[in-house]
Amino acid sequence: MASNSLAGLPTSATFGNTIYPGSASFVKPTGSKSVSPLFRIDSRENVTFIWQFQSLMVRPVNLTLAAVGPQSATYTIAQMDGMATSAVWELSSVPQATPLFNGMYQIQLYDQRGVSAPPQPGWLMANTRLTIAFYNPESYSAGGGGSDYCPTCFYAGAQRTGHSFAGLAVGFGIACITSVAFIYGLLN
C-alpha cells in the first residue's frame, strides 16, 4: 500500500474479527530462510530499510524501527511518521556506551501501540521477522603467522578432525579389547 493511500485512513477504528490485521513486509534488506543480511560494523556504514504495508485499515500515528541484539540490547533506529516506508540506520549514531557486537539482530517495526501489542483487525501488526547480522572487519594476512587457525571459516577444520576423534578412538579400542577378552574368558 503506497503511503499516499494511507493518508485517507483513520488513525483509530474498530473492526470485526472478519478483518485481518494489517502488516508490513521488508523489501530491503531481504534475507533467505537460511542466510541473514550481513553488515560490517563501521561508523561509515549505513543500513537502509524499506518496507511495504498490506491490508491496513488504520493509519499508524507513528512508527518505531528498532534492533534487538545480543544480550537483548535494544537500539532505536528511527521514530517516524506513520506513513513512512523507509529509514536509514547510520551506524555512526550508535552510542559509544552501547556499541554493536558481532551477532544477529532482530529488526522490529511497530506502531504507537508498541512491539508487544496484540494483533487487532485492520491495525498494523508488529513485524519482528527480519534478522540481520553484524560482523567486525578483521585484517587478513595469508599465512602470516604460520597457524592454520581461521576465525571466520572452517577450511582448517579437516586438519583438526583427527585431534577431535583421537580420544574417542582410544576409548572405542579399549572397549573392543575388553569385550573380546570377556567373551574369550566366558568361552574357555
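In this structure, CD on Gln106 lies 11.0 Å from CD1 on Ile132, to the nearest 0.5 angstrom. The line from CG of Leu91 to CD of Glu45 is 7.0 Å long, rounded to the nearest 0.5 Å. To the nearest 0.5 Å, atom OG1 of residue Thr30 and atom CD1 of residue Ile50 are 10.5 Å apart.
Nearest heavy atom pair, residue Ser36 against residue Ala133, reads CB-N, 4.4 Å. Scanning both residues, Phe15 and Gly122, for their nearest heavy atoms gives CD1-CA, 4.3 Å.
No hydrogens or angles considered: a donor-acceptor pair under 3.5 Å links the side chains of Gln54 and Ser23.
Partners of Phe134 under the ring pair (Phe, Tyr, Trp, His ring centres under 6.0 Å) rule, at least two apart in sequence or in another chain, are Trp89, Tyr105.
Around OH of Tyr135, the count of heavy atoms belonging to other residues, nucleotides or ligands within 6.0 Å exceeds 12.
Leu9 places a side-chain heavy atom less than 4.5 Å from the side chain of Leu56. The side-chain heavy atoms of Phe49 and Ser86, taken from C-beta on, include no pair separated by under 4.5 Å. Inter-residue side-chain proximity for Trp51 and Leu109 is flagged as met; some heavy-atom pair is nearer than 4.5 Å. Within the 4.5 Å cutoff, no side-chain heavy atoms of Tyr110 are placed close to those of Leu124.
The list of salt bridge (charged side-chain N to carboxylate O under 4.0 Å, His left out) pairs with a residue in residues 100-109, not counting sequence neighbours, is empty. Identified under the side chain to side chain donor-acceptor pair (under 3.5 Å) test for residues 113-129, with sequence neighbours left out: Asp111-Arg113, Arg113-Gln120. Listed by first and then second residue, the side chain to side chain donor-acceptor pair (under 3.5 Å) pairs that reach into residues 7-17 come to none, sequence neighbours excluded.
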Do any side-chain atoms of residues 167-174 form donor-acceptor pairs under 3.5 angstrom with protein atoms, and if so which ones, sequence neighbours left out?
none

List, one per line, each side-chain donor-acceptor pair under 3.5 Å for residues 57-84, sequence neighbours excluded.
| residue | atom | partner | partner atom | Å |
| --- | --- | --- | --- | --- |
| Thr74 | OG1 | Ser72 | O | 3.4 |
| Tyr75 | OH | Thr98 | O | 3.3 |
| Tyr75 | OH | Pro99 | O | 2.8 |
| Asp81 | OD2 | Met83 | N | 3.0 |

